[in-house]
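The chain is numbered in sequence order, starting from 1. All figures in this text were calculated on a predicted structure; none of them were measured in a lab.
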Amino acid sequence: MAEVAERLRVYVLGWKAYFRLAQTPRLFKELEEWMRHRVRAIQRKHWKRGKTTYKALLAKGAKPEVARQIAANSRRWWRNSGMLLNSVLTLRWMDALRIPRLA
């Protein structure tokens with residue numbers, strides 16, 4: 001994930017610098033939400049199997065029932081990244097990956 005975050009960081013900082021004078025806060029907010037959703041989906045996809053997902057989520061501080069629900073839907077990574085996974089992989093997690101915010 002560090003490599004994905006670093007590559008994304010370069011693009012986001014470039015976009016932010018290029019479009020900084022644009023008067024489109026709603027568009028930046030929507031783009032940032034989609035970007036966070038996509039990064040969570042990539043992380044979920046990297047875990048691949050349900051057991052791996054369950055153990056990783058418990059290590060990140062998720063409640064066992066939440067980790068179980070996310071791990072049970074191991075093949076639905078895009079849907080999971082928009083729902084319960086938000087409570088575990090929070091904005092703090094994104095900040096720790098050093099992904100800049102647009103809004």
Side-chain angles (χ1 to χ4, degrees):
M1 275 310 291
E3 183 181 333
V4 171
E6 188 57 38
R7 291 182 70 189
L8 182 61
R9 180 177 167 73
V10 172
Y11 285 108
V12 171
L13 288 176
W15 286 354
K16 193 173 182 178
Y18 186 78
F19 292 108
R20 71 175 170 235
L21 297 177
Q23 303 262 333
T24 57
R26 191 187 81 206
L27 184 63
F28 276 164
K29 182 179 182 257
E30 290 172 1
L31 181 61
E32 186 177 358
E33 287 172 0
W34 179 87
M35 188 174 58
R36 287 193 310 255
H37 189 172
R38 180 68 178 142
V39 170
R40 286 184 187 110
I42 291 170
Q43 177 62 66
R44 175 62 195 90
K45 202 170 184 182
H46 279 230
W47 288 329
K48 294 185 180 177
R49 296 178 40 207
K51 281 184 180 181
T52 308
T53 302
Y54 184 76
K55 290 177 186 177
L57 290 173
L58 288 180
K60 292 201 178 292
K63 296 178 183 176
E65 61 193 41
V66 171
R68 184 186 51 76
Q69 287 178 347
I70 294 170
N73 291 326
S74 62
R75 297 292 178 210
R76 302 183 75 182
W77 49 269
W78 182 255
R79 184 159 188 234
N80 272 338
S81 64
M83 298 172 70
L84 285 174
L85 204 53
N86 289 345
S87 64
V88 181
L89 302 180
T90 59
L91 286 175
R92 258 190 223 144
W93 177 74
M94 293 285 189
D95 292 341
L97 287 174
R98 296 183 30 199
I99 297 174
R101 296 185 187 188
L102 289 174

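- In this structure, the separation between CG on L31 and CD on E33 is 10.0 Å, given to the nearest 0.5 Å.
- One hydrophobic cluster, built from ILVMFWY side chains closer than 4.5 Å, cannot hold both Y54 and V66; they sit in different ones.
- Nearest heavy atom pair, residue G50 against residue A71, reads O-CB, 3.3 Å.
- L13 and M35 sit in two unconnected hydrophobic clusters of ILVMFWY residues. Membership requires side-chain heavy atoms under 4.5 Å apart, directly or through other members.
- Taken together through direct or relayed side-chain contacts under 4.5 Å among Ile, Leu, Val, Met, Phe, Trp and Tyr, I99 and Y18 form part of one hydrophobic cluster.
- The line from CZ of R92 to CG of D95 is 9.0 Å long, rounded to the nearest 0.5 Å.
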Side chain to side chain contact (heavy atoms under 4.5 Å, CB included) between R36 and L91, worked out:
CA-CA 8 Å; R36 287 193 310 255; L91 286 175; 3.3 Å; yes
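- Residues E30 and W34 fail the side-chain proximity criterion, which asks for heavy atoms closer than 4.5 Å.
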Atom pairs and distances, side-chain donor-acceptor, residues 39-47, under 3.5 Å, sequence neighbours left out:
{"residue": "R40", "atom": "NE", "partner": "N86", "partner atom": "OD1", "Å": "3.4"}
{"residue": "R40", "atom": "NE", "partner": "L89", "partner atom": "O", "Å": "2.6"}
{"residue": "R40", "atom": "NH1", "partner": "N86", "partner atom": "OD1", "Å": "3.0"}
{"residue": "R40", "atom": "NH2", "partner": "L89", "partner atom": "O", "Å": "3.0"}
{"residue": "R44", "atom": "NH1", "partner": "T53", "partner atom": "OG1", "Å": "2.9"}
{"residue": "R44", "atom": "NH2", "partner": "S74", "partner atom": "O", "Å": "3.0"}

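- Both L84 and V88 are part of a single hydrophobic cluster, where members link through side-chain heavy atoms under 4.5 Å apart.
- Applying the side-chain hydrogen bond (donor to acceptor under 3.5 Å, both in side chains) rule to pairs touching residues 1-15 yields nothing, sequence neighbours excluded.
- Between L85 and L57 there is a side-chain heavy-atom pair separated by less than 4.5 Å.
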